[in-house]
Amino acid sequence: MRTRMKFLLTFIANLKKIRQWGLRGVLSYVGKYSHNMRLRRVIRESQCGKRPMRGITLIGNFTLFGSASKVMRDFATSLKDANVPYQTFDTAPNLDFPLCDIKDILTPQSEFCIDKYDHIVGILPSIVPSEIKIPQSRIAFWEFEDGFLHAYPDMPLERQTIAMSDFNYRYFTSILPNVIKILYPFNFGDSTPQPKDEVRRKYGIANNGFIVLFNFDYGAGFNRKNPDGAMLAFAKAFRDTSNAWLVFKSKSASDHPDRAHELKRLASELGISDRFLEISAHIPFMDVIGLTNACDVYLSLHRGEGFGITLAEAMAMGKPVVCTNWSSTTEFCKPECSIPIPFKMISVQPEQIDHPYYQKVKEWAEPDVDAAATALRRLYEDPRLRDELGRKAAASIKEQFSVLNFKKSVDAFLDL
């Protein structure tokens, strides 16, 4: 009787998943589930039976492209720079990221011991077997002020949640019992970007043009990222300015052909097709950094961000940033080192929900496109303002996300 009931509940749950994610998504879920079961076995067998030492075990995807994997790589690199004892366990089902670039932060599986350190930190979902009694904390990011628990119904409320912005910390403490903030482990690395003219020539961008850049992922919520808002602001600012270019570096465009076509159609309607470039193909990470370095302004009229790593990267390279003055980007996009754009909180319409996680989000920010256009025009006409904001942005990021500040927040976490 119990077996039949369990089968029925599983069948119903899978029907819900099919409606929400599609059959392809369910098959992907089954594959991930099998992969995670194998990893659980590996972790279970890695126990060394000793008393855990002070330090952190990081569990997550390190060798995939994407924001979650970058967080884990940056976390490990920052722990290493701060001389905080740590080890890593890579859960990625396949290798996307060049292993040679991160080999020094990955723990060989033969040397991994789950009970080596007294804290386990990861990103949902957890794959650590329940018999492992070491305290576990989950890093979480969220772009809004509602809808989180619906997106993550299996959130283990008894475990500590790590927020990495004041915005997330305030929201999470209103819905979760055990929340701590750790400074985002921003780590830009020591690599020198390619020369600007070389990058522009490589991607067919006018060498003497004024470049406005936006980097986004179609799969991360097209309406939340709001690339059409960025396009509208650019068109208002530079409708008759022949040397101003709008460049989008996008990801997952091939999975969202209708959206990509919509952007091209909008560019045509606005009369900027000849000055709009979308680079949708996968390019090396250093080429992405090179594009950021080659731009004059970084623009993001998002309706909500969990952190905004591309904005922080642009600022670290001394680029003036224009962005919506709401959500986690306010952590570092401050008036003295960027141009925050005013907004109105508006109700999210059902047709705007284009990501399963956002089904219960009620409100998000609607940035003022006219204000953004004015800001872009100011930066175009005033090179000294661009240089001043860029210098302040780079200095602010360097100070705020220093290794010392990161170490202080991690030490506070370990000493709780």
Side-chain angles (χ1 to χ4, degrees), residues 192-216 225-251 253 260 262-302 310-311 313-323 333 337-339 341 367 369-394:
T192 303
Q194 298 168 293
K196 296 179 183 180
D197 56 348
E198 185 178 314
V199 173
R200 291 189 175 199
R201 184 168 56 250
K202 182 175 183 178
Y203 291 100
I205 303 170
N207 195 37
N208 62 343
F210 178 85
I211 309 302
V212 178
L213 176 69
F214 178 42
N215 184 344
F216 72 99
K225 289 292 187 179
N226 195 24
D228 44 353
M231 189 174 286
L232 286 168
F234 176 87
K236 282 177 176 288
F238 306 115
R239 191 178 304 277
D240 300 315
T241 307
S242 61
N243 70 333
W245 284 63
L246 178 64
V247 178
F248 284 174
K249 173 60 195 88
S250 65
K251 180 182 177 184
E262 180 183 323
L263 284 181
K264 290 179 180 178
R265 179 189 57 77
L266 181 59
S268 178
E269 287 182 1
L270 295 172
I272 61 169
S273 291
D274 60 334
R275 292 177 289 123
F276 169 61
L277 172 65
E278 180 175 9
I279 303 171
S280 57
H282 172 74
I283 63 176
F285 174 70
M286 285 311 299
D287 277 26
V288 178
I289 295 302
L291 280 171
T292 305
N293 188 53
C295 80
D296 295 287
V297 175
Y298 190 90
L299 173 66
S300 175
L301 297 185
H302 63 79
T310 58
L311 288 150
E313 288 172 347
M315 293 174 70
M317 281 188 278
K319 300 300 172 181
V321 159
V322 176
C323 72
C333 293
C337 59
S338 68
I339 302 184
I341 298 303
V369 170
D370 289 333
T374 299
L376 291 174
R377 193 71 200 185
R378 280 180 60 206
L379 291 168
Y380 172 82
E381 294 174 349
D382 192 346
R384 287 189 297 181
L385 176 61
R386 294 201 303 269
D387 292 343
E388 180 184 359
L389 277 179
R391 285 195 302 271
K392 289 181 177 179

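Keep in mind that this is a model prediction, so the values were computed, not measured.
- For the atom pair Phe210 CZ and Leu376 CG, the distance stands at 6.5 Å (nearest 0.5 Å).
- A distance-only check finds no donor-acceptor pair linking the side chain of Lys249 to the backbone of Leu213 [under 3.5 Å].
- The nearest pair of heavy atoms linking Leu389 to Ser338 is CD2-N, 3.7 Å.
- Taking the side chain as every heavy atom from C-beta outward, Trp245 and Phe238 never approach each other to under 4.5 Å.
- Taking the side chain as every heavy atom from C-beta outward, Met317 and Ile289 approach each other to under 4.5 Å.
- Taking 4.5 Å as the limit, every side-chain heavy atom of Val288 sits out of range of all side-chain heavy atoms of Thr310.
- The CG atom of Leu299 sits 7.5 Å away from the CG atom of Leu246 when rounded to the nearest 0.5 Å.
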inquiry  = One pair to check against side chain to side chain contact (heavy atoms under 4.5 Å, CB included): Val212 and Val322. What are the steps and the verdict?
reply    = CA-CA 10 Å; Val212 178; Val322 176; over 6 Å; no
query = Is there a side chain to side chain contact (heavy atoms under 4.5 Å, CB included) between Leu379 and Asp296 once you walk through the steps?
reply = CA-CA 9 Å; Leu379 291 168; Asp296 295 287; over 6 Å; no
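- Judged by distance alone, the side chains of Thr241 and Arg377 do bring a donor and an acceptor atom under 3.5 Å apart.
- Looking at residues two or more places apart in sequence or on another chain, you find a salt bridge (charged side-chain N to carboxylate O under 4.0 Å, His left out) between Glu313 and Lys70.
- Here the closest non-hydrogen pair linking Pro227 and Phe248 is O-CZ, 3.4 Å.
- Here the NZ atom belonging to Lys225 is positioned 12.0 Å from the OG atom belonging to Ser250, to the nearest 0.5 angstrom.
- In plain terms, the two heavy atoms of Pro367 and Asn226 that are nearest each other are CG-ND2, 3.8 Å.
- Counting only heavy atoms from C-beta outward, the side chains of Gln194 and Asp287 approach each other to under 4.5 Å.
- Tyr203 has its side chain out of reach of Val247: every pair of non-hydrogen atoms, C-beta onward, lies at least 4.5 Å apart.
- Between Ala233 and Ala372, the shortest heavy-atom contact is CB-CB, 3.8 Å.
- Note that the CG atom of Asp370 and the CD1 atom of Ile341 stand 10.5 Å from one another [nearest 0.5 Å].
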request  = Starting from the C-alpha separation in whole Å, work towards a yes-or-no answer on salt bridge (Lys or Arg N to Asp or Glu O under 4.0 Å) for Lys202 and Glu198.
outcome  = CA-CA 6 Å; Lys202 182 175 183 178; Glu198 185 178 314; over 6 Å; no
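- Under the 3.5 Å distance criterion, the side-chain polar atoms of Ser268 are left unmatched by any main-chain donor or acceptor of Lys264.
- Here the side chain of Arg386 pairs no donor or acceptor atom with the backbone of Arg378 at under 3.5 angstrom.
- Taking both residues in full, the closest heavy atoms of Ser300 and Leu311 are given as CB-CD2, 3.9 Å, listed atom of the first, atom of the second, then distance.
- Considering CG of Asp387 and CG of Asp382, their distance stands at 9.0 Å, rounded to 0.5 Å.
- With values rounded to the nearest 0.5 angstrom, Leu301 atom CG is found 9.5 Å from Asp228 atom CG.
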request  = Go through Met231 and Phe214 one step at a time and tell me if the side chain to side chain contact (heavy atoms under 4.5 Å, CB included) criterion holds.
outcome  = CA-CA 10 Å; Met231 189 174 286; Phe214 178 42; over 6 Å; no
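- With contacts defined as side-chain heavy-atom distances shorter than 4.5 Å, the pair Asn215/Tyr298 qualifies.
- Side-chain atoms of Val199 and Asn293, non-hydrogen and from C-beta on, never get closer than 4.5 Å to each other.
- The closest side-chain heavy-atom distance from Tyr380 to Asn243 is below 4.5 Å.
- Remark: Lys392 engages Glu388 in a salt bridge (charged side-chain N to carboxylate O under 4.0 Å, His left out) (not counting sequence neighbours).
- Across Ala206 and Arg200, no two heavy atoms sit closer than the pair O-NH1, 3.2 Å.
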